Amino acid sequence: MSDRDQEFVEVSIEEFASGKPVPFAIFIRLTSWKYLQITNAGESLDGQRLEVYKDKNVRCLYLRKEDFSRYVGIQGANPTPVAPLSGVAAQQLAGLRASATTTLELLRGKGINDFLFENSKEFVESTLLVLSDDRAALAMLAALTTQESSNYIYEHSLGVTLYSIMLGRVLGWRSSQNLFKLGLGALLHDIGASTIDEKILCKRESDLTRDELKVLHQHCDWGATMLKQLANAPIEVLAIAAQHHEDLQGRGYPGKLDSTRVHPMAKLVGVANHFCELVLPGPASWNLSPQQAFEQMTASNAYNSDVMDALKRLLKGMP
């Protein structure tokens with residue numbers, strides 16, 4: 001029997017606790033090839049049924065991929081049918097997903113809470129699956145892997161996405177709509193950097209010349225401009241690309257914005273982004289331990305205190 005996991009996207013069972021009708025059919029996953037439909041479009045799940053599922057350790061329910069795209073607001077009510085991927089595009093997607101699986105597994109040992117890691121890893125993989133239906137998004141993801149010597153930007157972006165989703169969950173974010181926008185923005189936050197010379201990207205910012213810094217600082221605006229090519233690109237995603245290097249002290253770039261003008265999702269991704277720059281392997285990494293990175297970021301007083309508290313709670317062994 002054929003694997004059907006690519007047809008469905010998971011949604012936390014808690015999203016259906018309100019008892020409101022859901023405009024899409026809802027499924028339970030029995031195996032990779034068998035999904036059981038439990039409601040029709042327009043029906044709701046009552047509290048008693050939800051408790052029965054929870055007692056059976058069901059933590060996620062499923063929507064068809066195309067319904068999930070509409071559910072989170074990145075596809076219109078009457079979507080244009082998606083043509084099958086060409087051979088080259090299908091190979092690109094397979095490569096991106098394989099690289100994602102490998103990279104995310106490598107992050108498992110970075111002092112992360114195991115339960116949050118596993119749930120957030122699955123959400124990142126679902127985000128990639130949904131993006132495969134948008135040709136422009138797929139091309140952007142592929143562009144993150146075109147550097148001559150490595151897939152550093154893509155691997156960094158996957159790390160930032162994973163940490164962003166985990167931080168969101170620690171902060172109590174449960175809405176799939178918000179988590180998907182957060183994940184999409186984190187995954188593509190550095191798309192503007194895909195056009196920058198790799199020699200610049202492989203240096204730490206403190207080692208860049210003034211002219212090189214000027215080029216690097218432009219990647220935020222370039223990224224927001226590029227993301228406007230996506231159909232129904234959420235404004236939150238554009239804000240993340242444009243503002244993920246702003247900070248609370250107004251010393252960030254490109255706009256030196258004060259805290260009140262930075263989008264909450266950009267503040268969160270900004271923390272995940274800098275933490276990954278300090279901790280995760282890469283040509284410009286500082287190779288700090290999670291605790292060293294946390295302490296350095298706290299001392300800078302540049303990041304939102306609620307998000308930093310969430311980061312502390314996320315990491316194992318923090319005092």
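Just the heavy atoms: all of them, side chains too, but no hydrogens, waters or symmetry mates, feed the values below. Quick caveat: nothing in here was measured; it's all calculated off a predicted structure.
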(request) Could you walk me through whether Asp258 and Thr260 pass the side-chain hydrogen bond (donor to acceptor under 3.5 Å, both in side chains) test, one step at a time? (result) CA-CA 6 Å; Asp258 64 53; Thr260 63; 2.4 Å; yes

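- No side-chain heavy atom of Leu208 sits less than 4.5 Å from a side-chain heavy atom of Val215.
- In the hydrophobic clustering of this structure, Val307 groups with Met166; members are Ile, Leu, Val, Met, Phe, Trp, Tyr whose side-chain heavy atoms approach within less than 4.5 Å, directly or through other members.
- To the nearest 0.5 Å, the span separating CD on Glu10 from CG on Leu63 amounts to 10.5 Å.
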(request) Could you check Gln218 against Asp221 for side-chain hydrogen bond (donor to acceptor under 3.5 Å, both in side chains), going step by step and ending with a plain yes or no? (result) CA-CA 6 Å; Gln218 290 175 324; Asp221 286 335; over 6 Å; no

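- The side chain to side chain contact (heavy atoms under 4.5 Å, CB included) test applied to Asn301 returns Gln249, not counting sequence neighbours.
- Rounding to the nearest 0.5 angstrom, the gap separating the CZ atom in Phe24 from the OG1 atom in Thr39 is 11.0 Å.
- Atom CH2 of residue Trp173 and atom NZ of residue Lys181 lie 11.0 Å apart, to the nearest 0.5 angstrom.
- Thr103 contributes no side-chain N or O that, together with a main-chain N or O of Ala100, makes up a donor-acceptor pair within less than 3.5 Å.
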(message) For Leu61 and Leu45: C-alpha separation, side-chain torsions, deciding distance, then whether side chain to side chain contact (heavy atoms under 4.5 Å, CB included) applies.
(response) CA-CA 11 Å; Leu61 300 177; Leu45 283 167; 3.5 Å; yes

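- Interatomic distance, CG of Leu182 versus OG of Ser176, reported as 12.0 Å (0.5 Å rounding).
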(request) Report the C-alpha distance between Gln6 and Lys65 in whole Å, list the side-chain angles of each, state the deciding distance to 0.1 Å, and finish with yes or no for side chain to side chain contact (heavy atoms under 4.5 Å, CB included). (result) CA-CA 8 Å; Gln6 295 190 33; Lys65 183 171 64 170; 5.7 Å; no

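- Lys312 and Thr298 share no side-chain donor-acceptor pair at under 3.5 Å.
- Residue pairs meeting the ring-ring contact (aromatic ring centres under 6.0 Å, His included) criterion with at least one partner in residues 279-319, sequence neighbours excluded, are His274-Tyr303.
- We find the CG-OG distance between Leu184 and Ser164 to be 11.5 Å, quoted to the nearest 0.5 Å.
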(request) Give the C-alpha distance, both sets of side-chain angles, the deciding distance and a yes or no for side chain to side chain contact (heavy atoms under 4.5 Å, CB included) between Leu144 and Ser157. (result) CA-CA 9 Å; Leu144 295 178; Ser157 297; 4.1 Å; yes

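- If you chain together hydrophobic residues whose side chains sit under 4.5 Å apart, Phe123 and Leu314 fall into the same group.
- Between the side chain of Ser194 and the backbone N or O of Ile191, at least one donor-acceptor pair lies under 3.5 Å.
- Identified under the salt bridge (charged side-chain N to carboxylate O under 4.0 Å, His left out) test for residues 284-309, with sequence neighbours left out: Asp309-Arg313.
- Closest of all the heavy-atom pairs between Ser175 and Glu15 is C-OE2, 3.3 Å.
- Applying the side-chain hydrogen bond (donor to acceptor under 3.5 Å, both in side chains) rule to Glu122 yields no partners; only residues at least two apart in sequence or on another chain are considered.
- Connection of Val170 to Tyr163 is established within a shared hydrophobic cluster, with ILVMFWY side chains joined at heavy-atom distances below 4.5 Å, either directly or through further cluster members.
- Taking the six-membered ring for Trp, His219 and His245 have ring centres closer than 6.0 Å.
- Within the 3.5 Å criterion, the main-chain N or O of Leu96 finds no donor-acceptor partner in the side chain of Ser99.
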Donor-acceptor contacts under 3.5 Å from residues 234-242 side chains, at least two apart:
none

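- Judged purely by atom type and a 3.5 angstrom limit, Lys267 uses its side chain to pair as donor or acceptor with the backbone of Ser259.
- Think of Leu248 as one node in a network of Ile, Leu, Val, Met, Phe, Trp and Tyr side chains linked at under 4.5 Å; it has no links at all.
- Residues Leu257 make up the rest of the hydrophobic cluster containing Val262, defined by ILVMFWY side-chain heavy atoms closer than 4.5 Å, directly or through other members.
- Between Leu187 and Val160 there is no side-chain heavy-atom pair separated by less than 4.5 Å.
- Side-chain atoms of Gln37 do not come within 3.5 Å of backbone N or O of Ala25 as any donor-acceptor pair.
- Listed by first then second residue, pairs satisfying salt bridge (charged side-chain N to carboxylate O under 4.0 Å, His left out) with a partner in residues 47-61 read Glu14-Lys54, Glu51-Lys54, not counting sequence neighbours.
- Judged by distance alone, with hydrogens and angles left aside, the side-chain atoms of Asn151 form no donor-acceptor pair with the main-chain N or O of Tyr154 at under 3.5 Å.
- A continuous path of ILVMFWY side-chain contacts below 4.5 Å connects Leu268 to Val271, so both sit in one hydrophobic cluster.
- Thr161 places none of its side-chain heavy atoms less than 4.5 Å from the side chain of Val269.
- Between Asn287 and Val279, the closest side-chain pair of non-hydrogen atoms is not below 4.5 Å.
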(message) side chain to side chain contact (heavy atoms under 4.5 Å, CB included), that's the test. Do Tyr53 and Ile13 meet it? Break it down for me.
(response) CA-CA 9 Å; Tyr53 292 137; Ile13 195 170; 3.8 Å; yes

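- Under 4.0 Å is where a charged nitrogen must lie from a carboxylate oxygen, and between Glu7 and Arg64 no such pair does.
- A distance-only check finds no donor-acceptor pair linking the side chain of Glu246 to the backbone of Gln243 [under 3.5 Å].
- A salt bridge links Lys121 to Glu125: one of the charged nitrogens lies within less than 4.0 Å of a carboxylate oxygen.
- Tracing side-chain contacts under 4.5 Å through hydrophobic residues (I, L, V, M, F, W, Y), one never reaches Phe27 starting from Phe16; they form parts of separate clusters.
- The backbone N or O of Ser285 lies less than 3.5 Å from a partner atom in the side chain of Arg204, making a donor-acceptor pair.
- Residue pairs satisfying the ring-ring contact (aromatic ring centres under 6.0 Å, His included) criterion with at least one member in residues 185-211, sequence neighbours excluded, are listed as follows: His156-His189, His189-His244.
- Summarising the local packing, CD of Glu205 is surrounded by more than 12 heavy atoms from other residues, nucleotides or ligands at distances under 6.0 Å.
- In this structure Ser305 satisfies the side-chain hydrogen bond (donor to acceptor under 3.5 Å, both in side chains) test with no other residue, sequence neighbours excluded.
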(request) Any chance you could lay out the side-chain hydrogen bond (donor to acceptor under 3.5 Å, both in side chains) test for Ser289 and Gln291, step after step, and finish with the verdict? (result) CA-CA 5 Å; Ser289 70; Gln291 184 166 347; over 6 Å; no

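- Residue Ile200 holds its CD1 atom at 9.0 Å from CG of Leu213, rounded to the nearest 0.5 Å.
- Centroid-to-centroid, the aromatic rings of Phe8 and Phe68 stay 6.0 Å apart or farther.
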(message) One pair to check against salt bridge (charged side-chain N to carboxylate O under 4.0 Å, His left out): Asp67 and Arg70. What are the steps and the verdict?
(response) CA-CA 5 Å; Asp67 289 339; Arg70 286 182 281 170; 2.5 Å; yes

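- For Asp114, the side-chain hydrogen bond (donor to acceptor under 3.5 Å, both in side chains) criterion is met by Lys316, not counting sequence neighbours.
- The side-chain hydrogen bond (donor to acceptor under 3.5 Å, both in side chains) pairs that include a residue from residues 19-29 are Asp5-Arg29, Arg29-Tyr35, where partners are two or more places apart or lie in different chains.
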